[in-house]
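Reading through the structure tokens given below for one structure.
First listed ligand is number 1; within each ligand, the first listed atom is number 1. Not measured: the values here are computed from a predicted model.
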Amino acid sequence: MSSCIRNLIVRLTLKSPSLYNRGVHGLVTEAGTEKIMDKSCAVYTLGTFNCSRSFCSTASLSEMEPNPSAKSTGKPSELVTKKLMDKEDEYVKTLFYGLMKRERGMLARAITLVESTNLKKREQARMLLSQVLQYNKGVMAHSMKAFNAFRIGLSGPPGAGKSTFIESFGKFLTAQGHKVAVLAVDPSSSTTGGSLLGDKTRMPELSCDMNAFIRPSPAKGSLGGVTRTTNEAIVLCEAAGYDIILIETVGVGQSEFAVSDMVDMFCLIIPPAGGDELQGIKKGIIEVADVVVVNKSDGDLVAAARRIQTEYVSALKYMRPRSRVWKPQVLRISSLTKEGIPDLWKTMQSFQHSMVDSGELVSKRNKQQETWMWNYIRDHIMECFITHGGVKNILPELTKQVRSGLITPGTAADKLLKEFAKES
Ligand SMILES: Nc1nc2c(ncn2[C@@H]2O[C@H](COP(=O)(O)OP(=O)(O)OP(=O)(O)O)[C@@H](O)[C@H]2O)c(=O)[nH]1
């Protein structure tokens, strides 16, 4: 029985000699039209395709035939830049198709590319990302969804049990057929020389799971740089078919706030302890939490976990709601016994539905795109600033003078900015 492929993104493998000889490279379907892309990146509208299967995300050309009544319009598309397909960008092309094929190794290499500071690689990363963003947008349009993946931010003080939680929660999700990516944001790794976040040894079972992808935090970088690359890694993971992205952060600097700016839902994980033990939690972070998870609610710790839950429930009552449709919840779980994890997932899904149905998720993501752009600009300007020859020459002396109180920080900043304004 043949059925028509409509409104879907389909990647073709280059198997059909006739189409291949005509230079046909792949097929992109877009909002009701089916398009075929040739090697020079011109995109031809070919009408509908017949397929022996109702849907497959990857289809070989042998399974498809162009509709004989359809005509090629021969119009080039602006969707795909010609540059991408040039020979020197073979690597970008390999990565893009590797992502489409959902190869974990290619995803890891693609993330390494976006993390690179090498100028040529940055250019390649930009090409890859524009292709991937276009692809993700197409997938969303065709599946009529407001998102490809559910992005969940996780934060909490050291020892709260984040990695134990990610291990249990991740396994719970993959058992339900989800594909889970774990990314980490840890700008402190630039000073400690290496990050433990996202370290696979902290999640031994999940790291062996074929439906999970764990990426440690980059070993160096400013918060701006790390969040930019994390934003980009999210987009790459989505293209590679991961439908749940967990972004873990340590409570260092402003990293939790940066993460809350790039996720759909922000989840604060705390241990059943108060006072000094909760010092790691920054003021204000509770205000951005959509759910507070009291972990370790097992054995002798259940009573303490209940007490903490009550405290947080009353604290949240006095906070100004950030959403019209969602009130932050406080749940108790045990990452060791896995008790409470199914209920937590239900709560997360209910959050997701409310946000999608109300349109809040779309506006949140739109706003996040803008924040991402500004972070990118800030990061780039800072990089230009500190690598500027003149600035580099006077920075150590001026810093010394500011520290010893000889000049005001404002005066030093003015001098540095004046130097920066000169040609390097
Ligand atoms: N009883 C109990 N202990 C737990 C639970 N979850 C984690 N732990 C323990 O808490 C300790 C810290 O757990 P981790 O998962 O390493 O905590 P973390 O937040 O990742 O810690 P950092 O790596 O320091 O950021 C370990 O000894 C865990 O075994 C839980 O649900 N119940």
Practice task
Look at atom 30 (C) of ligand 1 and find which of K338, K296, E339 reaches it with the closest heavy atom.
Solution key: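 When every heavy atom of K338, K296, E339 is considered, K296 comes closest to atom 30 (C) of ligand 1.
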Check: [X] N/O within less than 3.5 Å of ligand 1 N/O:
| X | answer |
| --- | --- |
| K162 | yes |
| L301 | no |
| L336 | yes |
| N295 | yes |
| A160 | yes |

So, do [X] and [Y] sit near enough that their side-chain heavy atoms are less than 4.5 Å apart?
| X | Y | result |
| --- | --- | --- |
| M382 | R378 | no |
| V114 | L129 | yes |
| F266 | V291 | no |

Can you name the atoms of ligand 1, numbered from 1 with element, that are less than 4.0 Å from a heavy atom of [X]?
| X | value |
| --- | --- |
| D298 | 1 (N), 2 (C), 30 (C), 31 (O), 32 (N) |
| P158 | 24 (O), 25 (O) |
| S163 | 14 (P), 15 (O), 16 (O), 20 (O) |
| S335 | 6 (N), 30 (C), 31 (O) |

Handout entry: Region of T164 engaging ligand 1 - heavy atom pairs below 4.0 Å
Key =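 Both parts.
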Exercise for the section: Examine ligand 1 and decide if any of its atoms is less than 4.0 Å from a heavy atom belonging to G156. Expected result: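 Not so, G156 does not reach ligand 1.
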Problem - Side-chain H-bond candidate by donor/acceptor type, N211 with T174, under 3.5 Å - result: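 No, no side-chain donor-acceptor contact under 3.5 Å.
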Problem - Between S354 and R324: side-chain donor-acceptor atoms closer than 3.5 Å - result: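 Absent: no donor and acceptor within the cut-off.
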Handout entry: H178: which of W345, F150, Y242 passes side-chain contact (heavy atoms from CB on, under 4.5 Å)
Key =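 Of the listed residues W345, F150, Y242, the side-chain contact (heavy atoms from CB on, under 4.5 Å) partner of H178 is W345.
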Exercise for the section: Evaluate the side-chain hydrogen bond (donor to acceptor under 3.5 Å, both in side chains) criterion for residues T347 and S350: first the C-alpha distance (whole Å), next the side-chain angles of each, then the deciding distance (0.1 Å), finally the verdict. Expected result: CA-CA 5 Å; T347 305; S350 134; over 6 Å; no
Exercise for the section: Kindly say whether Q349 contributes a backbone atom to a donor-acceptor pair with the side chain of H353 at under 3.5 angstrom? Expected result: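 A pair under 3.5 Å: yes.
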